[in-house]
Student: 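One structure is given below, represented as structure tokens, and several questions about it will come after.
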Amino acid sequence: MTNQELADLIFPNTNKTIDDYEKIYPKRNLTAGAKVVRMAPSPTGFVHMGSLLPALLNRKLATDTKGIFYVRIEDTDGKRSVLNGITGIIKDLNDFDIKTDEGILNEEQEIGQYGPYIQSKRKEIYETYAKYLISIGYAYPCFCTEEKITTIRKQQEKNKERIGYYGKYAKCRDLTNEQRAKKIINGEKYIIRLKSPGDFNKKIILNDLVCGKIEMPENDLDIVLIKSDGLPIYHFAHVIDDHLMRTTLVMRGQEWISSTPIHMQLFKILGFNIPQYAHNGLIAKIDENGCKRKLSKRKDPEAAVSYYKELGIPVYAVKLYLMTIANSNFEMWLDNNKDKTYDDYKFDFKKMSSSGSIFDLDKLLNISKNYISRLKASDVYSKTLNWAKQFDFEFYQLLTTTKEYSTAIYNIERQQKKPRKDFSCYKEIKNQTWYMYKELFTKKAYQNINTKQNIDIIYDYINNYYNDFDTKEIWYNKLKKLAKNNNYAEEVKEYKENYEQYKGHVGDICELIRLIITTQAKTPDLYEILKLLGKEEIKRRLDLYSTI
RNA sequence: GGCCCGUUGGUGAAAUGGUUAACACGUUGCCCUCUCAAGGCAAUAUUUAUGGGUUCGAACCCCAUACGGGUCACCA
């Protein structure tokens, strides 16, 4: 029995050949140097931090080289799929402004000439290639049961040998085609395995764009190509899809390095060009025990990109942060090119560290803080509104009715060369500005102030000095006058030199006003705050305070 | 355990054989100041995991050791 006859027995229903597929998915007509790259997530419902980084870089690479960035869904494993899992992924990508040129758009739609872009819809393609491999003697049906494989593994562990289906352990490798056909006809269950031509003692070289030259043993494992559910294993699907979709560069995490020999071998056997590989370092964290480990979907909430959305960290800040991880010189570049943005930066693999990095939330928040500080007050307003709409509805309602007022709050100390930097994310804003809203400022606000202050001097101030329309200079001069009339020093220095002559200094009065009017010990510029609140509201708060 | 990769301060890291090991975040101190934030100015690795070697000269090249990470599925 020939290999071809066996192949026909196993896959009787394929009606295309591998040559047909070469014609259906022709080489792309792109300018020289254009990169065809992809993001290939499983439909898990959300994007992981570890895949956001390559997604961002791939998008950039495609844009910079006038190439193509596409999204392909890898759903060959049911366990990884979630109902409507694609929607969540596309949503996260949209949030990060990662546009796809081609591929999946949502649960139902896709665009592009190289589809389908969902692996489960490409079953016949994989079958055709598996059939081809059988026909040329590079694949075979394997009838080993799971128990049998487990037994083999245990024996290998016991003998301290390499684990896997290879050499003498590859029981089904040397069956005759007649034996195979007989078992199939008898209804025995089987999967399709690669008949690996590799030699573990020979080396292959991977020229990785990030890690440089890596020498590894050839693959000699007869890995599974097609599972018992009829769908391909990742390795097989990766090679076929990335060839047929004419991918030129594959960027993925370093956890894939060790299986690259398998991929290179498959590309070679199938006569495909091997794409460039770039294995980026993994993003890790230090866990409770002080151990470094890769960010995990299950254990670490910060692994999901939606976590940053909930905190209200601007998308742009996350991008900047990830780029500082990706290219160490990015921060400096941005510092030296203040008029430029993330989009102007040319990403460079040479500047990409091959070691994994620890995720640094402080750094992210700092970048975010700087970014928010450079926004216009009206933008802070609209972005905070946008955030609150999803995550704090009560605040959202308050914001919608106080557009002008809230914008004015965000404008405090913003119109200066070095704007105030105190919002590191949108979620923080309510906590830092609540006392500016009369709607939120009730008697309850004072519950944390335990010592009752004498506020006669502040009544005096409000009734006899304060005016909403004073300039800052006049405002401050009045305060000094108030200080003088009440035996407080007009200058802090003067007080420090002759403190025994005074009850305090002008700063003490400011502090008292601040405390009574806002309940806070620290606030932005007091002049701005009083002016925004207005005399009437200030009086209301004084009266409120008197009653406690 | 096999195979890969990595190791520069609390974090991200620069420096790819040549003066005092950049810069940013963090931390600490001082200044400014009505409080904060910001800003300004300092301090923060007696030395690049450790040990050996090559060299006039090593963070950088070589070897060994230690530690960390990844991977070894009919997961991706």
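Below, chains carry the letters A, B, ... as their sequence lines are ordered, and counting in each starts from 1. Side chains are part of it too, since the values below use all heavy atoms of this structure and drop only hydrogens, waters and symmetry mates.
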Student: Could you work out the separation of B:rA15 and B:rC74 based on their C1' atoms and round it to a whole Å?
Tutor: 49 Å
Student: Below 4.0 angstrom, N of the basic side chain to O of the carboxylate: do A:Asp508 and A:Lys503 qualify?
Tutor: no
Student: Going through the distances and angles, do A:Leu375 and A:Tyr410 end up as a side chain to side chain contact (heavy atoms under 4.5 Å, CB included)?
Tutor: CA-CA 10 Å; A:Leu375 293 175; A:Tyr410 305 146; over 6 Å; no
Student: Would you name the heavy atoms of A:Phe46 and A:Asp92 that are closest together and state the gap between them?
Tutor: CA-OD2, 3.5 Å
Student: Hey, mind stepping through A:Asn327 and A:Tyr345 against side chain to side chain contact (heavy atoms under 4.5 Å, CB included) and telling me if it holds?
Tutor: CA-CA 10 Å; A:Asn327 265 190; A:Tyr345 179 73; 2.8 Å; yes
Student: Please work out which residues in residues 156-171 of chain A have a non-hydrogen atom less than 4.0 Å from an atom of RNA chain B and list them by number.
Tutor: A:Arg162, A:Ile163
Student: 5'-most contact on RNA chain B: A:Lys203 or A:Tyr234, nearest heavy atom basis?
Tutor: A:Lys203
Student: Would you find a donor on one side and an acceptor on the other, under 3.5 Å apart, between the side chain of A:Lys131 and the backbone of A:Phe11?
Tutor: yes
Student: Between B:rU11 and B:rA73, how many Å separate the two P atoms, rounded to a whole number?
Tutor: 33 Å
Student: What is the distance, to the nearest angstrom, from the CZ atom on A:Phe330 to the C1' atom on B:rC23?
Tutor: 15 Å
Student: Measure from the side-chain heavy atoms of A:Pro217 and tell me the nearest of B:rC74, B:rG12, B:rC3.
Tutor: B:rC3
Student: When you check every protein heavy atom under 4.0 Å of nucleotides 33-38 of chain B, what one-letter string (B, S, -) results, 5' to 3'?
Tutor: -BBBBS
Student: Taking the six-membered ring for Trp, are A:Phe347 and A:Phe349 parallel (under 30°), tilted (30 to 60°) or perpendicular (over 60°)?
Tutor: perpendicular
Student: Return whichever of A:Tyr321 or A:Glu255 has its heavy-atom-nearest nucleotide of RNA chain B closer to the 5' end.
Tutor: A:Tyr321
Student: For a stem of at least 3 consecutive Watson-Crick or G-U pairs with distances under 3.5 Å, i pairing with j, i+1 with j-1 and so on, which stems involve RNA chain B?
Tutor: B:1-7 with B:66-72, B:10-12 with B:23-25, B:26-31 with B:39-44, B:49-53 with B:61-65
Student: Using atom CG of A:Leu225 as one end and atom P of B:rA76 as the other, report the distance to the nearest whole Å.
Tutor: 12 Å
Student: Salt bridge check: are A:Glu528 and A:Lys472 linked by an N-O gap of less than 4.0 Å?
Tutor: no
Student: Please confirm whether A:Tyr435 and A:Phe441 have ring centers closer than 6.0 angstrom.
Tutor: no
Student: Kindly say if A:Asn366 contacts the phosphate of B:rG26, meaning a side-chain N or O under 4.0 Å from OP1 or OP2.
Tutor: yes
Student: In whole angstrom, what separates A:Ile325's CD1 from B:rA24's P?
Tutor: 19 Å
Student: Can you check the distance between B:rU71 and B:rA64, where both ends of the measurement are the C1' atom (answer in whole Å)?
Tutor: 25 Å
Student: What does A:Arg252 touch in the nucleic acid at a heavy-atom separation under 4.0 angstrom: a base, only the sugar-phosphate, or nothing?
Tutor: nothing
Student: From CD1 of A:Ile191 over to C1' of B:rC74, roughly how many Å is that when rounded to an integer?
Tutor: 5 Å
Student: Please tell me whether A:Tyr169 and A:Glu161 have a donor and an acceptor in their side chains that are separated by less than 3.5 angstrom.
Tutor: yes
Student: Any donor-acceptor pair, under 3.5 Å, between the side chain of A:Ser258 and the base of B:rC4, if you only look at N and O atoms?
Tutor: no
Student: Between C1' on B:rA73 and CD1 on A:Ile192, what's the gap in Å once rounded to a whole number?
Tutor: 18 Å
Student: Ignoring hydrogens and angles, tell me if any N or O in the side chain of A:Asp75 forms a donor-acceptor pair with the backbone of A:Ser120 under 3.5 Å.
Tutor: yes
Student: Considering only heavy atoms from C-beta outward, does the side chain of A:Tyr342 approach that of A:Leu56 to under 4.5 Å?
Tutor: yes
Student: Whole-Å distance between B:rC74 C1' and A:Glu146 CD?
Tutor: 7 Å
Student: Between the side chains of A:Tyr140 and A:Asp222, does any donor sit under 3.5 Å from an acceptor?
Tutor: yes
Student: Give a yes/no answer on whether the side chain of A:Thr76 brings an N or O atom under 4.0 Å of OP1 or OP2 in B:rA76.
Tutor: yes
Student: Check the pair A:Tyr466, A:Asp468 against side-chain hydrogen bond (donor to acceptor under 3.5 Å, both in side chains), reporting the backbone distance first and the verdict last.
Tutor: CA-CA 7 Å; A:Tyr466 183 78; A:Asp468 283 339; 3.0 Å; yes
Student: Atom CD of A:Glu218 to atom P of B:rC72: distance rounded to whole Å?
Tutor: 20 Å
Student: In whole Å, what is the span from the CG atom of A:Asn327 to the C1' atom of B:rA14?
Tutor: 13 Å
